[in-house]
S.K.: 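Sharing a structure, written as structure tokens. Questions coming.
These numbers were taken from a predicted model, which means no experiment stands behind them. For the numbers below, each heavy atom of this structure counts, side chains included, while hydrogens, waters and symmetry mates do not.
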Amino acid sequence: MKDYRAPETRSEALALLEQHVERDGICEGCLASWARLVAFPCSHAQSARRFLAGAPTAGDPADPAGQE
């Protein structure tokens, strides 16, 4: 997944949240990926949280990541 765009699936949102975590008030994912000092939560973490707040749960027919 390219983390420069908003997540499209629940699994992408979860992966973003795993990478973009707080370290001393800055975003670890932004620092590691682009050497950017960005306050946490960064825009990536915020978009992932927004997606998860409105996304269907895993296994829901409306969630393409839940269908296997």
S.K.: Going by the salt bridge (Lys or Arg N to Asp or Glu O under 4.0 Å) test, which pairs reach into residues 28-39, not counting sequence neighbours?
M.R.: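 Sorted result for residues 28-39: Arg23-Glu28.
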
S.K.: Tell me the closest heavy-atom pair linking Leu52 and Arg10, and the distance in Å.
M.R.: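 Where Leu52 meets Arg10 most closely, the heavy atoms are CD2-NH1, 3.5 Å.
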
S.K.: What are the two closest non-hydrogen atoms of Cys27 and His20, and how far apart are they?
M.R.: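 Here Cys27 and His20 meet closest at SG-ND1, 3.2 Å.
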
S.K.: May I ask you to decide if Cys30's main-chain N or O and Ser33's side chain share a donor-acceptor pair within less than 3.5 Å?
M.R.: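 No: the side chain of Ser33 does not pair with the backbone of Cys30.
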
S.K.: Who are the side chain to side chain contact (heavy atoms under 4.5 Å, CB included) partners of Glu22, not counting sequence neighbours?
M.R.: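 Once residues adjacent in sequence are excluded, the partners of Glu22 under the side chain to side chain contact (heavy atoms under 4.5 Å, CB included) criterion are Phe40.
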
S.K.: Clusters formed by hydrophobic residues whose side-chain heavy atoms approach within less than 4.5 Å: which one holds Leu37, and what are its other members?
M.R.: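 In the cluster with Leu37 are Ile26, Leu31.
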
S.K.: Indicate the atoms forming the closest heavy-atom contact of Ala13 with Phe51, along with that distance.
M.R.: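 Heavy-atom minimum between the residues: CB-CD2, 3.7 Å.
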
